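Data block below; observations after.
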Amino acid sequence: MSSTWHILGAGSLGSLWACRLARAGKPVRLVLRDKARLQAYEAAGGLTLVEQGKAQLQAIPAQLADDNTPIHRLLVACKAYDAEQAVAQLAPRLARDAELILLQNGLGSQEAVANRVPHARCVFASSTEGAFREQDWQVNFAGHGFNWLGDPANPGPPGWLEDLSDAGIPHQWTPDILTRLWRKLALNCAINPLTVLHDCRNGGLQAHHCEVATLCAELAELLQYCGQPEAAEGLNEEVERVIHATAANYSSMYQDVRHGRRTEIHYLLGHACRTASRHGRQLPHLERLYRRLVEHLNTRGLPSD
Ligand code: NAP
C-alpha cells in the first residue's frame with residue numbers, strides 16, 4: 001500500500017498538515033481546486049509554514065482531481081460545506097483499501113462523505129490546532145492544540161499514526177470520537193452564534209450569563225437523548241471557562257461573518273436543531289437562536305446552508 005499523503009484543500013489546516021508531514025520526509029501530494037489554482041501554486045514554488053516567526057518553504061508537488069494516480073490515503077481539509085463534493089470528484093481514484101481522514105468541524109459532513117465512498121475507511125478528526133492564512137500558500141501556526149482521531153465504525157487504530165508522531169502532529173486515537181465532536185459542537189453552539197448576534201468578543205458573553213446557561217441546558221438535553229451523555233457533563237461550566245479564557249478573542253464564526261465568508265452553521269447549530277427535530281424534541285431557545293442567526297446571515301447576503 002502506497003504511503004503517500006494526498007491532501008485535499010491547501011487552506012489553513014491542509015497546509016499545516018502538509019508542511020509538517022513533508023518536513024518529516026513523508027511523501028505528500030496536494031490536490032488543488034482547478035488549473036488556475038495549480039498555476040498560482042506552482043508560481044509560488046510551494047507552501048510556506050510560519051512558526052515562531054520563522055518561515056520555511058516546502059516544495060510539495062501538487063495535482064488536480066483528474067490526475068490518474070490512485071489514492072490510498074486522503075486528508076480531507078476542505079470546509080464542511082465543500083467536503084462531500086470535493087471527495088466525490090476523487091472517488092474514482094480511491095483504491096480499494098483507501099483511508100480518508102476528515103478534518104471538518106461540526107457534524108453531518110463526515111456522514112455525507114462516508115456515504116459517497118462506502119468502500120473507504122473514514123477516520124474522523126477533532127482538531128483544536130489553530131492556523132490561519134495571511135496570504136495564499138502561506139500558513140501561520142502558533143504551535144498549540146491537539147488532534148483527536150477515531151473511527152465510529154472500527155475501533156482499531158490505523159498504521160499511519162506513526163507518520164503523525166514522526167511529523168510532530170500531536171494526536172491521540174480515541175474510541176469516542178463522536179463524543180469529542182459533539183462536545184466541540186455544543187461549545188461552538190453556546191458561544192459562536194451569540195458573539196455574532198451581540199457583535200462582541202467571546203468575553204462580551206460574560207454579560208449574557210443567563211442566555212448562555214439556557215442554551216447550555218438545552219444542548220445538554222440534546223446530548224443526553226442523542227446518546228452522548230458524557231458530552232453533556234459540566235457543559236455550562238466549560239462554556240463559562242472558555243468564555244473567560246478566550247475573552248479577548250473573536251470567535252471563528254464572528255470572523256467569518258465580519259469578512260463576508262460563508263460559515264459552517266449548517267454543520268454546527270443547524271446540525272443540533274436538525275437532530276432535535278429528528279428526535280421529535282423541541283429546544284425553543286436553540287431553535288430561536290438558529291432562526292436569528294440565519295436571518296442575520298441572509299441580511300448580509302451570506303448563505304445559511
Ligand atoms: P480554509 O483555510 O478555508 O481551507 C479550505 C481549503 O479547501 C481552501 O484552500 C479551498 O480551496 C479548498 N477546497 C475547497 N473545495 C475544494 C476542491 N473541490 N478541491 C480542492 N480544494 C478545495 O479552511 P480551514 O480553516 O483550513 O478549515 C478546514 C476545516 O478544518 C473546517 O471544517 C474548519 O472548521 C476546520 N478547522 C479549522 C481550524 C483552523 O485553525 N483553521 C481549526 C480546527 C478545525 P481554495 O483556496 O481554492 O478556495
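Counting from 1, the numbers follow the sequence of the chain as shown. Note that this is a predicted model, so its numbers are computed, not measured. In each ligand, atom 1 is the first atom listed, and ligand 1 is the first ligand listed.
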* Short question: side chain of His285, backbone of Thr214 - any donor-acceptor pair under 3.5 Å? -> no

* Asked: Between Ser127 and Asn147, is there a donor-acceptor pair closer than 3.5 Å when you use the side chain of the first and the backbone of the second?
  -> no

* Atom-level proximity to ligand 1, residues with heavy atom under 4.0 Å -> Leu8, Gly9, Ala10, Gly11, Ser12, Leu13, Val31, Leu32, Arg33, Arg37, Ala77, Cys78, Lys79, Ala80, Asp82, Ala86, Gln89, Leu103, Gln104, Asn105, Ser127, Glu129, Gly130, Ala131, Arg133, Glu264

* Structure fact -> Students should find that the hydrophobic cluster of Tyr267, defined by side-chain heavy atoms under 4.5 Å apart, otherwise consists of Tyr81

* Asked: Going by the angle between their ring planes, with limits at 30° and 60°, are Tyr225 and His279 parallel, tilted or perpendicular?
  -> tilted

* To do: Salt-bridge test for Arg274 and Glu111: reply yes if a basic N is under 4.0 Å from a carboxylate O, no otherwise.
  => no

* Indicate the atoms forming the closest heavy-atom contact of Thr275 with Trp182, along with that distance. => OG1-CH2, 3.8 Å

